[in-house]
Structure formats: structure tokens, C-alpha cells
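Everything below concerns the one structure shown next.
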Amino acid sequence: MIKPDGVQRSLIGEIISRFECKGLKFIGMKLIEIDEATARKHYEEHLGKPFYEGLVQYITSGPVLVGVLEGDEAISVVRTIVGATDPKEATPGTIRGDLGMQIGRNVIHASDAPVSAAREIDIYFDGDELLTYRRIDEAWLYEE
Ligand code: IDP
Ligand code: MG
């Protein structure tokens, strides 16, 4: 998910380009506004933490781009491209390392495990919004 700061700062193209160029395949994508209940559900694991209310505010403060990516070891590959949670500590070359300044405005969200990916995809997408197709470069991205 490209968070509201990423959308407002016109970083959608820059960010999705990084995933595309890597070889990850978008099988779903849409621009939405998250309502408060959905934000609370998405971030329920952080309920009670000092930053929780601010996080709900942040994520509902403007449009976000939600996307579903597919590829070999997609979750860990995406998390590596995204970088550490705090952009100040994130390695240059990562999205957060290159494009953000503060942990509370860290530009992008990425699922951290298959179970959370499944849960989060279910929050934002209906089954018929996820596509199955081959990208023509897959023959060159993968050995077989
Ligand atoms: P992640 O996004 O790298 O998985 P999490 O620890 O799951 O990081 O935290 C979820 C989100 O909560 C972060 O991306 C960030 O937006 C916000 N967050 C986490 N820690 C802080 C903090 O200390 N201050 C403000 N916001 C925070
Ligand atoms: Mg997380």
C-alpha cells in the first residue's frame, strides 16, 4: 500500500516502477480512501501502542494505492525493497531509505508474512479483482 504521503507526494509512479522493474507482477491495484473502521482492522496488531491512534489518522488522511504483488518469494523480496520501518535507518536504495524522513510518514506498507498478506488482501480486494496472467518477461526472469 502506498500510504497517503506517498500519494500526495506524487511517488506512485516511482514506487510501482521499482516493483515492476524488479520482476514482481501486479495482480491487483486500486486507489481508495480507507475508512476508520478498516484502518483499525488493518492495524489491529498495534492496538494499544502509543502510535496507534496517529497511525489510524495517518492512513485515513487521504487516498492510498493498494496493490497485490506476485513473484518468487514475493513477501520477503518486497519487504527488502521497502526497507526498514524507520526511513532514517532504512538503507539507501530502499523505498523508505530513499523517499522518506520519519517513521510516522514512511510512505508505504508491505505485508510481512503469508498469513498477514492473505488477511490484508481480503480487507481490500474481492476475489474477482485479482487477475491471473503471464507477463511476457517471466520467461527471462525465471530459469524455468
Ligand atoms: P512495518 O510497516 O515496517 O511493518 P510496523 O512495526 O508493523 O512496521 O508498524 C506499522 C506502521 O506503524 C509503520 O509502518 C509506521 O507507519 C507506524 N509506526 C510504527 N512505529 C511507529 C512509531 O514509533 N511512531 C510512529 N509511527 C510508527
Ligand atoms: Mg508491519
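Counting convention: from 1, in listed order, for ligands and their atoms alike. Heavy-atom basis, side chains included; hydrogens, waters and symmetry copies ignored.
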Ring pair (Phe, Tyr, Trp, His ring centres under 6.0 Å): pairs with one or both residues in residues 49-79, sequence neighbours excluded: His46-Phe51
Can you name the residues that form a salt bridge (Lys or Arg N to Asp or Glu O under 4.0 Å) with Glu20, not counting sequence neighbours? none
So ring pair (Phe, Tyr, Trp, His ring centres under 6.0 Å) across residues 124-144, not counting sequence neighbours, yields His42-Tyr124
Short N-O contact, Lys3 and Asp5, less than 4.0 angstrom: no
Is the shortest side-chain N to carboxylate O distance from Arg96 to Glu89 below 4.0 Å? no
Just list the N/O pairs, ligand 1 to protein, that are under 3.5 Å apart, with the distance for each.
| from | atom 1 | to | atom 2 | distance (Å) |
| --- | --- | --- | --- | --- |
| ligand 1 | 2 (O) | Arg96 | NH2 | 3.0 |
| ligand 1 | 3 (O) | Thr85 | OG1 | 2.6 |
| ligand 1 | 3 (O) | Arg96 | NH1 | 3.0 |
| ligand 1 | 4 (O) | Arg79 | NH1 | 2.9 |
| ligand 1 | 4 (O) | Arg79 | NH2 | 3.4 |
| ligand 1 | 7 (O) | His46 | NE2 | 3.0 |
| ligand 1 | 8 (O) | Thr85 | OG1 | 3.2 |
| ligand 1 | 9 (O) | His46 | NE2 | 3.4 |
| ligand 1 | 14 (O) | Lys3 | NZ | 2.9 |
| ligand 1 | 14 (O) | Asn106 | ND2 | 2.8 |
| ligand 1 | 16 (O) | Lys3 | NZ | 3.0 |
| ligand 1 | 16 (O) | Asn106 | OD1 | 3.3 |

Does this structure show an ion pair linking Arg40 with Glu44, if we count only N-O contacts that are shorter than 4.0 Å? no
